[in-house]
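Here's the structure, in structure tokens; my notes come after.
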Amino acid sequence: MANKSWVVLSLVLCVAVAVAVAVVSASDPGLQLIFVLGDSTADVGTNNFLPTSMVRADFPHNGIDFPSSKPTGRFSNGLNSADFLAQMLGLKRSPPPFLSLNAKSLRKKRFSGVNFASGGSGLLDITGKTSLTLMKFGTPVKTPVVAPSGNRQNVVSLTEQIQQFATVKRNLTAIKGGRRVTEKSLFFISTGSNDLFGYYHSNSSIPKEEFLSSLELAYENHLKSLIDLGARKFGIISVAPIGCCPSQRIHNTTGGCLEGLNELALAFHARLDALMLKLSSECKDIKYALGNAFEMTVNVIQNPFPFNFTQVEAACCGAGKLNAESFCIPSAKLCSNRNNYLFWDLFHPTQAASKLAAVTLFSGGTQFVTPINFAQLAKA
Ligand SMILES: *[C@@H]1O[C@H](CO)[C@@H](O)[C@H](O)[C@H]1NC(C)=O
Ligand SMILES: *[C@@H]1O[C@H](CO)[C@@H](O)[C@H](O)[C@H]1NC(C)=O
Ligand SMILES: *[C@@H]1O[C@H](CO)[C@@H](O)[C@H](O)[C@H]1NC(C)=O
Ligand SMILES: *[C@@H]1O[C@H](CO)[C@@H](O)[C@H](O)[C@H]1NC(C)=O
């Protein structure tokens, strides 16, 4: 029933938009801003603003290849995929984190969008809220702040990220005096990994298909919220073969990938593919590009040399087995040939790998991104 009523609502909504478009001056193409939502794969410093968060990267060696070797909160030696996608659209790097904005930010001439992504978050509100998941993977990050046991905020959930976007939309609409601010804008979303990690490592008794259905439903609800707020163009990145992260390989006696996690990631992509088809048939003016992070990454792991990668199993920064028994903390061991590593730390890609991912999303063929790529999405 809930589904049906949404279909009716969204049809009405699409029609309303079509009428609005006709009314707005034909010469107003609408602003093309960039909004980024998701987890640590796209976080450019959100969690730096959560003093008690355990999920952070605002200390060395993170950022060693960033200008002035500055740790920024990115889980990378330099830039991440959100930065490279923004670059391909003409920006210097990703738009800034929502939590870094002040009352004047949206009025700036070069305002280009907002990044809401928060490391550790997922599709489900509970994902990242407990430190349980973190503990599973190795030594938790030692932060200078001792986390009080009470209501500390570890991450910004996707639900909260969308509420933040609603604030931005409201303020922008007021500032831009009725110019269309969302219809042409790009919404990049990279999430899902942390939900799958949490499920897999909790030995949950919930059957796999049932859990995947709950994630699909959660994704659908998040996208509907964004559509209700005027979003129309979605660049979505599914889950990479996360069983091949160094942090997961160390749980396999052979050093191979954790197949159970990879199966979840693959099934998640199929769910997402079906969901996007459904949503775009219900609301015809939605445009989307779905990046198959699974296929893209497997392609590199199986054939790394053409991409200049010589190490696709161990982390560049860390300690112990596969350099994956510790997070990338200041005392961690650091590789020197960072452009030859697929993994920066026990979970996250290097700057080189992120760049490759963004290039593939932007200009790749249908093996990697469907039904169109991110460049076509931007122009659509
Ligand atoms: C949005 O507007 C409110 C009210 O004017 C203001 O307090 C807030 O700082 C603004 N937020 C952003 C991100 O611009
Ligand atoms: C899940 O099962 C594995 C293997 O049986 C065990 O090592 C691990 O401690 C269990 N985890 C939880 C959270 O119960
Ligand atoms: C461990 O890796 C091997 C390949 O080296 C694979 O066949 C096996 O299924 C993996 N084990 C688990 C638990 O995923
Ligand atoms: C690989 O590295 C070599 C030398 O380090 C460089 O000339 C070449 O452009 C690189 N190729 C790619 C695909 O990055």
Side-chain angles (χ1 to χ4, degrees), residues 31 33-37 43-50 94-118 136-138 153 156 158-182 185 187 193 196-204 208 211 225-226 229-231 239-268 294 297-304 311-315 321-322 324-325 342-343 346-347:
L31 299 170
L33 302 169
I34 298 175
F35 299 107
V36 183
L37 300 104
D43 187 337
V44 292
T46 295
N47 289 9
N48 301 356
F49 294 89
L50 311 177
S94 165
F98 172 80
L99 295 178
S100 75
L101 303 181
N102 59 39
K104 288 187 197 143
S105 303
L106 305 189
R107 297 180 181 274
K108 286 192 180 138
K109 213 173 162 193
R110 55 191 173 91
F111 173 78
S112 58
V114 183
N115 186 320
F116 305 91
S118 169
K136 296 263 168 259
F137 308 125
Q153 190 174 11
V156 183
L158 197 50
T159 301
E160 292 164 316
Q161 293 177 36
I162 294 168
Q163 287 163 357
Q164 294 174 336
F165 169 69
T167 303
V168 169
K169 156 103 194 217
R170 195 175 336 107
N171 286 12
L172 262 184
T173 306
I175 294 168
K176 302 291 177 189
R179 280 202 76 187
R180 291 181 294 138
V181 295
T182 49
S185 294
F187 291 77
S193 306
L196 297 183
F197 280 130
Y199 171 74
Y200 183 85
H201 286 286
S202 65
N203 299 340
S204 171
K208 183 175 147 179
F211 180 72
S225 300
L226 287 169
L229 289 165
V239 173
I242 50 177
C244 299
C245 286
S247 59
Q248 307 305 302
R249 284 184 187 266
I250 59 173
H251 295 303
N252 187 333
T253 45
T254 71
C257 304
L258 285 188
E259 297 303 334
L261 259 174
N262 283 356
E263 282 161 21
L264 281 169
L266 198 54
F268 179 78
F294 192 94
T297 311
V298 163
N299 187 52
V300 176
I301 291 176
Q302 288 176 347
N303 191 19
Q311 178 52 272
V312 296
E313 297 183 357
K321 208 196 287 178
L322 292 180
E325 291 179 324
L342 185 61
F343 289 99
L346 71 181
F347 284 113

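Remember, predicted model here, so these are calculated numbers, not experimental data. Every number for a ligand or one of its atoms is a count from 1 in the order of the listing.
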**Prompt:** Can you tell me if E325 uses its side chain to pair, donor with acceptor, with the backbone of K321 under 3.5 Å?
**Reply:** yes
**Proximal atoms of ligand 1 relative to L106 (non-hydrogen, under 4.0 Å)** = 14 (O)
**Donor-acceptor pair, side chain of S185 and main chain of V181, under 3.5 angstrom** = yes
Identify all pairs of nitrogen or oxygen atoms, one from ligand 3 and one from the protein, separated by less than 3.5 Å, and list them with distances.
{"residue": "ligand 3", "atom": "2 (O)", "partner": "N252", "partner atom": "ND2", "Å": "2.4"}
{"residue": "ligand 3", "atom": "2 (O)", "partner": "T254", "partner atom": "OG1", "Å": "3.0"}
{"residue": "ligand 3", "atom": "5 (O)", "partner": "T254", "partner atom": "OG1", "Å": "2.9"}
{"residue": "ligand 3", "atom": "11 (N)", "partner": "N252", "partner atom": "ND2", "Å": "2.9"}
{"residue": "ligand 3", "atom": "14 (O)", "partner": "C257", "partner atom": "O", "Å": "3.4"}
{"residue": "ligand 3", "atom": "14 (O)", "partner": "E259", "partner atom": "N", "Å": "2.9"}

**Qualifying residue, where the test is side-chain contact (heavy atoms from CB on, under 4.5 Å) with L172 and the options are T182, T167, L106** = L106
**Request:** Would you mind reporting whether F268 and L196 have side-chain heavy atoms less than 4.5 Å apart?
**Result:** yes
**N47 side chain to S118 backbone, donor-acceptor under 3.5 Å** = no
**Asked** Does F165 have its ring centroid less than 6.0 Å away from the ring centroid of F98?
**Response** no
**Message:** Any side-chain to backbone donor/acceptor pair from S105 onto N102? Under 3.5 Å, distance only.
**Reply:** yes
**Request:** Consider every N or O of N171 and every N or O of ligand 1, then say whether any pair is closer than 3.5 Å.
**Result:** yes
